[in-house]
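Everything on this sheet refers to the single structure shown next.
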Amino acid sequence: MADPKKYILPSLKEAQKRTQRQVVIERALFELPEETRNLGQGKKYYLRTYGCQANERDSETISGILEAMGFLRVDVPENADLILFNTCAVRKNAEDKVLGEIGHLKGIKKKNPDVVFGLCGCMAQEESIVHELMRAYRHVELIFGTHNIHHLPALLHNVMVKKQKSIEVFSKEGDIIENLPAKRNMKHKAWVNIMYGCDKFCTYCIVPYTRGKERSRTMDDILKEVIELKESGVKEVTLLGQNVNAYGKDLKDGSSFAELLRQVALTGIERIRFMTSHPWDFTDEMIDVIASYDNIMKYIHLPVQSGSTDVLKIMGRRYTREQYKELFDKITARIPECAFSADIIVGFPNETEEQFMETMEMVDYCKYDNVYSFIYSPREGTPAAKMEDNVPLEVKQQRLYALQDKINGYCNMNNQKWVGKTVKVLVDGTSRKNDQVYSGYTEHNKLVNFTGENVQPGEIIDVKITEHRSWTLRGEKVN
Ligand code: SAH
Ligand code: SF4
Ligand code: F3S
């Protein structure tokens with residue numbers, strides 16, 4: 001057994017804490033420690049990202065750091081000197097997938113003992129997972145948390161040069177580290193973090209423990225980033241936060257999400273998206289700003305989680321079914337063409353058939369364009385994990401299927417509406433299945449596969465929709 005004293009291990013108890021401690025914003029220019037500067041020369045890395053956009057964005061920072069050290073990215077783990085998994089802990093099946101994959105790739109280490117296996121992201125923040133990795137996955141020699149990304153060079157030096165296992169996971173509430181390098185995945189679209197962490201503590205959710213407390217970047221830092229991105233040719237930014245409505249509250253300088261959104265719109269960048277906005281605290285001013293600027297996309301991800309007020313209460317969601325509908329109606333009254341998506345959890349502990357039917361009714365009411373639906377998964381350390389649960393897994397599965405059937409119906413119905421219309425598409429590139437076909441997203445976030453001539457990624461072009469599928473649209477470029 002490795003000596004735990006050498007490591008900084010995560011602590012669930014610490015992760016659950018919130019204090020009045022002031023958030024530190026670190027703005028020093030990022031510099032690689034002297035001894036790590038050439039560590040990646042001639043070496044290759046493989047990075048796989050699981051989970052949400054926060055992780056996607058973190059992976060861009062991780063790539064930025066590794067490439068500054070000289071590493072080159074490869075697409076297959078077998079060709080890499082460093083294999084890194086940026087992980088998600090939101091549901092158990094997400095974790096099982098990662099552990100399965102790490103076990104599956106163990107043979108690579110046998111063939112080449114110099115390969116470094118690393119795990120970071122939200123699973124690294126879990127006390128029990130890190131202990132499990134130390135016990136049963138000894139080939140994983142590098143573990144670092146969501147608050148430790150900027151220490152990656154030193155941790156790698158420890159593994160690669162000193163040949164020591166490196167585990168560093170801070171469970172503190174978190175600071176803000178500006179100016180880290182980033183290797184962005186796309187040239188014309190970018191994620192922009194506006195805040196980190198979450199203080200909503202929905203009773204089922206692990207994110208407040210893996211990501212620390214809510215802390216906002218300053219409006220100046222965010223606007224500077226958006227302007228730089230725009231100048232470098234980026235057409236679309238997505239403002240990221242676990243709950244963007246909470247933006248600015250911690251800064252106590254009057255900053256709010258509505259104001260930030262307005263300022264970002266005024267930069268003139270062509271497309272602005274944001275996620276996730278919590279139905280609680282979605283202000284009238286936010287609705288007004290979204291309605292007022294053409295470059296703010298009329299598509300809102302508004303997770304409902306359940307249609308039952310009683311379940312919502314036990315989930316700690318802070319709104320009733322009526323309040324959710326009221327908000328939905330208010331937005332659609334002001335922005336009639338607005339598209340909506342949501343997240344829904346079925347089979348929350350003791351969910352009754354009637355309560356589930358209220359969720360089904362909510363889907364009928366909102367006719368979402370898309371819903372991400374999940375079976376409830378107990379997460380260690382959360383209040384819901386301690387609740388007794390009388391709903392058998394089979395019943396949960398049946399509810400999920402019934403719900404997904406309904407969701408698909410509305411998705412199909414909403415897609416059908418677009419046939420015959422001409423829409424603006426931001427071109428991503430060629431379709432994954434056919435390189436004669438291009439793909440991109442409409443303003444309402446519909447994926448369109450289309451044909452046409454002289455199409456360049458990053459362009460916004462008119463496409464006439466000719467057909468619809470369950471999840472995608474088909475069309476032709478309008479010349
Ligand atoms: N901050 C976002 C959600 C991030 S997690 C929000 O509040 O909307 C993404 C989604 O995962 C959640 O909306 C929820 O539907 C789902 N989720 C979170 N914890 C879960 C759990 N324990 N079991 C099942 N689904 C869960
Ligand atoms: Fe999780 Fe709720 Fe925070 Fe979303 S708002 S990340 S569901 S605790
Ligand atoms: Fe998963 Fe962490 Fe995001 S738990 S959903 S990767 S914040």
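One-based numbering, in listed order, for ligands and for the atoms of each. All values reported here derive from a predicted model rather than from experimental measurement.
In Glu337, the CD atom is crowded: over 12 heavy atoms of neighbouring residues, nucleotides or ligands sit closer than 6.0 Å. Heavy atoms of other residues, nucleotides or ligands lying less than 6.0 angstrom from CD of Glu380 number 12 at most. Within a 6.0 Å sphere centred on NZ of Lys172, heavy atoms belonging to other residues, nucleotides or ligands number more than 12.
Residue Arg399 holds its CZ atom at 13.0 Å from CZ of Phe348, rounded to the nearest 0.5 Å. Atom CZ of Phe117 is separated from atom CG of Leu119 by 11.0 Å, given to the nearest 0.5 angstrom. One finds the OG atom of Ser216 at 9.0 Å from the CG atom of Leu260 (value rounded to the nearest 0.5 Å). Of the inter-residue distances, the one linking Glu132 atom CD with Glu95 atom CD reads 10.0 Å to the nearest 0.5 angstrom. Taking CD1 of Ile129 as the start and OG1 of Thr210 as the end, the distance is 12.0 Å to the nearest 0.5 Å. For the atom pair Glu173 CD and Gln20 CD, the distance stands at 9.0 Å (nearest 0.5 Å).
Residue-ligand proximity, Pro303 to ligand 1, at heavy-atom distances under 4.0 Å covers atoms 8 (O). Those atoms of ligand 3 that come under 4.0 Å of a heavy atom in Asn55, given as number and element, are 6 (S). Below 4.0 Å from some heavy atom of Phe201 lie the following atoms of ligand 2, by number and element: 8 (S). Atoms of ligand 1 found under 4.0 Å from any heavy atom of Arg91, numbered from 1 in the order shown, are 11 (O), 16 (C), 17 (N), 23 (N), 24 (C), 25 (N), 26 (C). Short contacts between ligand 3 and Gln242, defined as distances under 4.0 Å to a heavy atom of the residue, involve ligand atoms 7 (S). Less than 4.0 angstrom separates some heavy atom of Lys200 from each of these atoms of ligand 2: 3 (Fe), 5 (S). The ligand atoms of ligand 1 that sit less than 4.0 angstrom from a heavy atom of Thr276 are 6 (C), 8 (O). Distances below 4.0 Å separate heavy atoms of Tyr376 from the following atoms of ligand 1: 23 (N), 24 (C).
Between Arg18 and Phe201 there is a side-chain heavy-atom pair separated by less than 4.5 Å. Annotation: side chain of Trp418 is not in contact with side chain of Asn414 (no heavy-atom distance under 4.5 Å). Residues Leu99 and Met123 have side chains in contact (heavy-atom distance under 4.5 Å, counting atoms from C-beta outward). Two residues are said to be in side-chain contact when any heavy atoms from C-beta on lie closer than 4.5 Å; Ser166 and Phe144 fail this criterion.
The proximity of Tyr204 to ligand 1, defined as any non-hydrogen pair under 4.0 Å, involves the side chain as well as the backbone. At a heavy-atom cutoff of 4.0 Å, ligand 2 is contacted by the side chain of Val207 but not by its backbone. Only the side chain of Tyr204 comes within 4.0 Å of ligand 2, counting heavy atoms alone; its backbone N, CA, C and O stay farther away. Neither the backbone nor the side chain of Ala54 has any atom closer than 4.0 Å to an atom of ligand 3 (non-hydrogen atoms only).
At least one heavy atom of Ile375 sits closer than 4.0 Å to an atom of ligand 1. The closest approach between any non-hydrogen atom of Met123 and ligand 3 is not below 4.0 Å. Look at Arg317 and you'll find a heavy atom under 4.0 Å from some atom of ligand 2. Heavy atoms of Arg317 approach ligand 1 to within less than 4.0 angstrom.
We find that Asp58 and Arg211 are joined by a salt bridge, their nearest charged nitrogen and carboxylate oxygen being less than 4.0 Å apart.
For atom 4 (S) of ligand 3, the closest non-hydrogen atom on the protein side is Ala89 N, 3.2 Å. The nearest heavy-atom contact from the protein to atom 1 (Fe) of ligand 3 is Cys88 SG, 2.4 Å. In this structure, the protein non-hydrogen atom closest to atom 9 (C) of ligand 1 is Asp343 OD2, 3.8 Å. For atom 18 (C) of ligand 1, the nearest protein heavy atom (residue, atom name, distance) is Val90 CG2, 3.4 Å. Closest to atom 1 (Fe) of ligand 2 among all protein heavy atoms lies Cys205 SG, 2.3 Å. The protein heavy atom nearest to atom 3 (Fe) of ligand 2 is Cys198 SG, 2.3 Å.
Atom 1 (Fe) of ligand 3 does not have Cys52 among its coordinating residues (no N/O/S atom, backbone or side chain, under 2.8 Å). Distances from atom 2 (Fe) of ligand 3 show that Cys122 has an N/O/S atom below 2.8 Å.
Between His151 and Phe170, the ring-plane angle classifies as perpendicular under the 30° and 60° cut-offs. In this pair, Trp280 and His278 present their aromatic rings perpendicular. The plane angle is above 60°, beyond the 30 to 60° band.
Relative to atom 2 (Fe) of ligand 2, the option among Cys202, Pro208, Gly241 with the closest non-hydrogen atom is Cys202. Across Met315, Gln242, Gln305, heavy-atom proximity to atom 4 (C) of ligand 1 is greatest for Gln242.
The shortest N/O to N/O separation between Arg379 and ligand 1 does not fall below 3.5 Å. The shortest N or O to N or O distance between Asn243 and ligand 1 is not under 3.5 Å. Between Ser377 and ligand 1, at least one pair of N/O atoms sits closer than 3.5 Å.
Of all heavy-atom pairs between Met297 and Glu270, the closest is CE-O, 4.1 Å.
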